[in-house]
Amino acid sequence: MIKKILILLLVAAIVAVATIPIWTHRMAESAFENPGRQSTEKIKQALLVKMRLHDHKGGRILAEKAVLYFPESSQLDYFVYNAAICGEQEGMYDVAIFWYDHFLARFPDHEWASQAKNKLNILKGLHKQE
């Protein structure tokens, strides 16, 4: 009987973990459909989950969409910086360079600015861009 319960718990845990991308996507989409005060926080949480699951393409798309939908958000720095990180991790270096440039232009005195500048210089050096 204990073995059956343990197997059932294991299967339930696997199913729960497998549904994380689905509920993360739904949470973000509901935030875009009903923009409000807490929408950007939901998107930020969804983006964090996507990045932890190494879904860099999904994270980049989510961050870019958040930049377009919420250009005056207090979370804008987070979205722009993470769009760059996801682009870099995805191997889309032109996209990463674009977002790092955008981040530095928009937030030159941000606490992440030196990291963004270093990553930008490395990417430009490795991929021959001025």
Side-chain angles (χ1 to χ4, degrees):
M1 182 67 176
I2 293 177
K3 286 183 181 179
K4 289 181 182 179
I5 292 173
L6 289 176
I7 290 172
L8 183 63
L9 288 174
L10 179 63
V11 169
I14 290 170
V15 168
V17 169
T19 62
I20 289 174
I22 295 168
W23 63 258
T24 302
H25 179 75
R26 286 188 180 162
M27 180 174 64
E29 287 305 313
S30 72
F32 287 120
E33 290 171 4
N34 303 310
R37 247 180 78 165
Q38 296 187 357
S39 294
T40 56
E41 191 58 39
K42 287 181 182 178
I43 295 167
K44 182 178 177 181
Q45 291 172 359
L47 177 58
L48 180 62
V49 170
K50 285 187 179 293
M51 290 179 69
R52 285 188 178 162
L53 292 175
H54 299 280
D55 179 10
H56 300 296
K57 181 178 181 179
R60 180 183 52 79
I61 291 169
L62 183 61
E64 289 173 346
K65 191 173 179 180
V67 169
L68 293 174
Y69 273 68
F70 304 102
E72 300 300 321
S73 168
S74 62
Q75 305 288 339
L76 186 64
D77 57 343
Y78 184 83
F79 297 139
V80 173
Y81 188 75
N82 283 296
I85 288 175
C86 287
E88 182 180 2
Q89 294 296 318
E90 193 181 354
M92 297 185 67
Y93 302 114
D94 293 339
V95 172
I97 289 169
F98 171 81
W99 285 115
Y100 282 129
D101 272 334
H102 185 74
F103 180 83
L104 290 170
R106 185 86 191 248
F107 307 103
D109 297 325
H110 196 279
E111 62 185 295
W112 301 334
S114 63
Q115 292 172 336
K117 189 172 184 176
N118 289 339
K119 289 183 177 197
L120 179 63
N121 289 334
I122 290 169
L123 287 174
K124 283 183 176 180
L126 290 174
H127 301 285
K128 307 285 186 210
Q129 289 196 0
E130 293 294 322

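When a residue number appears, it is its place in the shown sequence, counting from 1. FYI, side chains are in, hydrogens and waters are out, and symmetry mates aren't considered; it's all heavy atoms of this structure.
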From CA spacing to verdict: side chain to side chain contact (heavy atoms under 4.5 Å, CB included), Trp99, Asn82: CA-CA 9 Å; Trp99 285 115; Asn82 283 296; over 6 Å; no
Working for side chain to side chain contact (heavy atoms under 4.5 Å, CB included), residues His110 and Tyr81: CA-CA 11 Å; His110 196 279; Tyr81 188 75; over 6 Å; no
Side chain to side chain contact (heavy atoms under 4.5 Å, CB included) evaluation trace for Lys124 with Ile97: CA-CA 7 Å; Lys124 283 183 176 180; Ile97 289 169; 4.0 Å; yes
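Remark: His54 engages no residue in a side chain to side chain donor-acceptor pair (under 3.5 Å) (not counting sequence neighbours).
Here Val15 is tied into one hydrophobic group with Ile7, Val11, each link being a pair of ILVMFWY side chains closer than 4.5 Å.
Here the shortest heavy-atom pairing between Cys86 and Met51 reads SG-CG, 3.7 Å. Residue Ala113 comes nearest to Phe107 through the heavy atom pair CB-O, 3.9 Å, listed as atom of the first residue, atom of the second, then distance. In plain terms, the two heavy atoms of Ala66 and Ile43 that are nearest each other are CB-CG2, 3.9 Å. Taking both residues in full, the closest heavy atoms of Ala116 and Leu104 are given as CB-CD2, 4.0 Å, listed atom of the first, atom of the second, then distance. Heavy-atom minimum distance, Glu88 versus Ala96: N-CB, 3.5 Å. Scanning both residues, Phe79 and Ser73, for their nearest heavy atoms gives CE1-OG, 4.3 Å.
In this structure, the side chains of Leu6 and Ile2 come closer than 4.5 Å at one or more pairs of heavy atoms. You'll find the side chain of Tyr69 stays beyond 4.5 Å of the side chain of Thr40, heavy atoms only. Between Gln89 and Ile85, the closest side-chain pair of non-hydrogen atoms falls below 4.5 Å. At a threshold of 4.5 Å between non-hydrogen side-chain atoms, the residues Phe103 and Leu120 do not count as touching.
Residue pairs meeting the salt bridge (charged side-chain N to carboxylate O under 4.0 Å, His left out) criterion with at least one member in residues 58-77, sequence neighbours excluded, are Glu29-Lys65, Arg60-Glu64, Arg60-Glu90.
Using a distance-only test at 3.5 Å, with no hydrogens or angles considered, a donor-acceptor pair links the side chain of Asp55 to the main chain of Gly58.
The aromatic rings of Phe98 and His102 lie parallel to each other, with less than 30° between the two planes, well short of the 60° mark.
Note: Gln115 CD to Asn118 CG = 8.0 Å, rounded to the nearest 0.5 Å. Distance check: Lys3 NZ to Ile5 CD1 gives 13.0 Å after rounding to the nearest 0.5 Å. One finds the NZ atom of Lys57 at 8.0 Å from the CE atom of Met92 (value rounded to the nearest 0.5 Å).
Relative to the six-membered ring of Tyr100, Lys119 misses at least one condition, a distance below 6.0 Å or an angle of at most 45° to the axis.
In the hydrophobic clustering of this structure, Val67 does not group with Ile61; members are Ile, Leu, Val, Met, Phe, Trp, Tyr whose side-chain heavy atoms approach within less than 4.5 Å, directly or through other members.
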